[in-house]
Undergrad: 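Before I ask anything, let me first share the structure, which is written out below as structure tokens.
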Amino acid sequence: MAAMNVRSGVMVRRNRAFYASVAPFFAIFVAFSIFPVAFSFYLGLSDWDGFSEPEFVGLANYARALQDPVFQKAIWNTLYLWFWSTILTVGLALGLAVMVNEYVLGGKTYFRLVFLLPLLVAPAIAAILLRVFFTSNGGIVNMLVGAVQGQPSYFNWLASEFWIKPLVVLLVIWRWTGWHMIIFLAGLQAIPRDIYEAARMDGVGRWAIFSRITLPLLFPSLAFSIITATLGGVQMFDEPFVLTQGQGGTNNSTTTLGMYLYATAFSQFDFGLGAAVSWYIFAAVVAFTLLHRSINKRLGA
């Protein structure tokens, strides 16, 4: 044992330069990754307002979150926004990618740039633009509705419990469709053209080519797109926050889990409850990731 300790000490001294070079990385990793996660777990079991001494309460914060009607509504809102934004964004992106790949012979880079431009626009600016269309007084949509029905329309779209959710979904679609389209376009261009030519020579129709050739070969890109959209949807915060100015809409109609966490921790200073909610979100992300891996294994992807 003594010989091993001496040998280890010699190796450490011999490689001091190497250990010194990697030490900053591990120090930063511990300070900004390991410690926040561990401290968040500790806070989830404590009652702390950020000023007084934390008080250990066990699983009370987790139980309190589940009993809160606002938290229950946030779960439903998150699932609603995730489902519709994922389905519509991925579907629209796939359709656009197929059309660009099939019918645009030159200038595909131009289309990539154009559809990625919404990602360069800050969510706050995008929300302002959406408000220009849907504001109750002088909004473009109300002006069009008024022109059709022959009398002015002052419907408050942003205060409607029903319509505010589709507007958040619309904002997500506008921002992220281009990103998913780039993924699909890269996957489509990786498919050998000889396969399509052989299928056409055998008299296979367009829909059969798409469903039996394109989709199966595009499955890795499709799976990646869906899982990234799902993870983003579960943690959705920016779009509903800026569109409702941080209020979550009428009767918390667009309050998501991320917004609930933010309001609990940084508005109400209930950091214990906020930490517990963060672990619920983490559990949902892990569950969706494991489900994605399981489906990929079953389909042989």
Side-chain angles (χ1 to χ4, degrees), residues 78-121 123 126 166 168-202 204-239 256 258 281-282 284-301:
T78 301
L79 291 175
Y80 177 98
L81 296 174
W82 156 71
F83 179 81
W84 287 110
S85 63
T86 299
I87 292 296
L88 296 177
T89 301
V90 173
L92 180 60
L94 179 60
L96 290 173
V98 170
M99 287 192 293
V100 171
N101 188 62
E102 290 292 329
Y103 300 108
V104 177
L105 299 180
K108 288 185 173 64
T109 303
Y110 168 78
F111 283 91
R112 291 193 188 98
L113 177 62
V114 168
F115 284 105
L116 277 179
L117 283 178
L119 276 179
L120 302 179
V121 180
V168 173
V169 172
L170 179 63
L171 187 57
V172 174
I173 293 172
W174 178 78
R175 287 193 68 202
W176 292 102
T177 295
W179 188 83
H180 291 279
M181 190 201 76
I182 298 302
I183 296 174
F184 292 137
L185 195 57
L188 288 169
Q189 292 179 347
I191 300 176
R193 306 301 301 177
D194 297 343
I195 300 177
Y196 293 117
E197 294 175 3
R200 292 190 185 97
M201 291 179 63
D202 290 338
V204 182
R206 289 182 176 271
W207 173 248
I209 290 176
F210 177 76
S211 60
R212 298 179 184 179
I213 298 177
T214 303
L215 276 183
L217 294 177
L218 198 62
F219 180 79
S221 300
L222 187 62
F224 175 77
S225 178
I226 290 175
I227 191 61
T228 52
T230 297
L231 297 182
V234 172
Q235 304 172 80
M236 188 180 297
F237 176 83
D238 291 349
E239 289 83 2
T256 61
I281 297 175
F282 173 75
V285 170
V286 171
F288 277 115
T289 303
L290 294 177
L291 178 63
H292 171 256
R293 291 185 59 185
S294 176
I295 294 175
N296 281 353
K297 287 183 179 180
R298 289 178 178 272
L299 296 177

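Numbers for residues simply follow the sequence, beginning at 1.
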Undergrad: Measuring from atom OG1 of Thr214 to atom CG of Asn101, what distance do you get when rounded to the nearest 0.5 angstrom?
TA: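 Thr214 OG1 to Asn101 CG: 8.5 Å, rounded to 0.5 Å.
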Undergrad: Please tell me if the side chains of Met236 and Thr78 come closer than 4.5 Å, counting only heavy atoms from C-beta onward.
TA: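 No - every pair of side-chain heavy atoms lies 4.5 Å or more apart.
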Undergrad: Does the side chain of Thr228 come within less than 4.5 Å of His180's, by heavy atoms?
TA: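 Yes, close enough: below the 4.5 Å cut-off.
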Undergrad: Quick one: does Val90's side chain get under 4.5 Å of Phe184's, heavy atoms only?
TA: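 Counting from C-beta outward, Val90 and Phe184 do come under 4.5 Å.
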Undergrad: Picking from Ile173, Val169, Ile226, what satisfies side-chain contact (heavy atoms from CB on, under 4.5 Å) with Thr89?
TA: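 Of the listed options, the one satisfying the test is Ile173.
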Undergrad: Please walk me through it: do Leu185 and Val100 pass side-chain contact (heavy atoms from CB on, under 4.5 Å)?
TA: CA-CA 8 Å; Leu185 195 57; Val100 171; 4.2 Å; yes
Undergrad: For the atom pair OG1 (Thr86) and CD1 (Ile227), what is the distance rounded to the nearest 0.5 Å?
TA: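 Going from OG1 on Thr86 over to CD1 on Ile227, the span is 9.5 Å.
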Undergrad: Could you tell me if the side chain of Trp176 sits less than 4.5 Å from the side chain of Glu239, heavy atoms only?
TA: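 Yes, at least one pair of side-chain atoms sits under 4.5 Å.
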Undergrad: Above 12 or not: heavy atoms from other molecules or residues under 6.0 Å from CZ of Arg200?
TA: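 Yes, CZ of Arg200 has more than 12 neighbouring heavy atoms, counting only those of other groups under 6.0 Å.
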Undergrad: Compare every heavy atom of Leu188 with every heavy atom of Leu218, then report the nearest pair and how far apart it is.
TA: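 Distance-wise, the nearest heavy atoms are CD1-N, 3.7 Å.
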Undergrad: Can you find a pair of side-chain heavy atoms, one from Val121 and one from Leu117, that are under 4.5 Å apart?
TA: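 No, their side chains stay 4.5 Å or more apart.
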Undergrad: Spell out, as yes or no, whether a donor-acceptor pair under 3.5 Å connects the side chain of Ser225 to the backbone of Ser221.
TA: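 No; zero donor-acceptor contacts below 3.5 Å.
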Undergrad: Where do Trp174 and Ala126 come nearest, in terms of heavy atoms and distance?
TA: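 Heavy atoms of Trp174 and Ala126 come nearest at CZ3-CB, 3.5 Å.
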Undergrad: Looking at Trp84, I'd like to know if its CH2 atom is crowded, meaning that more than 12 non-hydrogen atoms belonging to other residues, nucleotides or ligands lie closer than 6.0 Å.
TA: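 Atom CH2 in Trp84 is not crowded, with 12 or fewer foreign heavy atoms closer than 6.0 Å.
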Undergrad: Can you tell me if OH on Tyr80 sees more than 12 non-hydrogen neighbours from other groups inside 6.0 Å?
TA: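 Correct, the count exceeds 12.
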Undergrad: Quick one: closest heavy-atom pair of Leu217 and Pro220, and the distance?
TA: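 Result for this residue pair: O-CD, 3.7 Å.
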Undergrad: Hey, what do you get for CG (Leu119) to CH2 (Trp179), rounding to the nearest 0.5 Å?
TA: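 Output value for this atom pair is 9.0 Å.
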Undergrad: Quick one: pull up CZ in Phe83 and CG in Leu88 and give me the separation to the nearest 0.5 Å.
TA: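 Between atom CZ of Phe83 and atom CG of Leu88 there are 8.5 Å.
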Undergrad: Considering only heavy atoms from C-beta outward, does the side chain of Thr256 approach that of Val168 to under 4.5 Å?
TA: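 They are not in side-chain contact.
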Undergrad: Mind checking the CD1-CD spacing from Ile209 to Glu102? Nearest 0.5 Å is all I need.
TA: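 Going from the CD1 atom of Ile209 to the CD atom of Glu102 covers 8.5 Å.
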Undergrad: Is there side-chain contact between Leu215 and Leu94, with at least one heavy-atom pair below 4.5 Å?
TA: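 In short, these two side chains touch, coming nearer than 4.5 Å.
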Undergrad: Between atom OG1 of Thr177 and atom CG of Leu92, what is the distance when rounded to the nearest 0.5 Å?
TA: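 CG of Leu92 is found 4.5 Å from OG1 of Thr177.
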Undergrad: Mind listing the closest non-hydrogen atom pair of Pro123 and Arg175 along with its distance?
TA: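 Closest heavy-atom pair between Pro123 and Arg175: CG-NH1, 3.5 Å.
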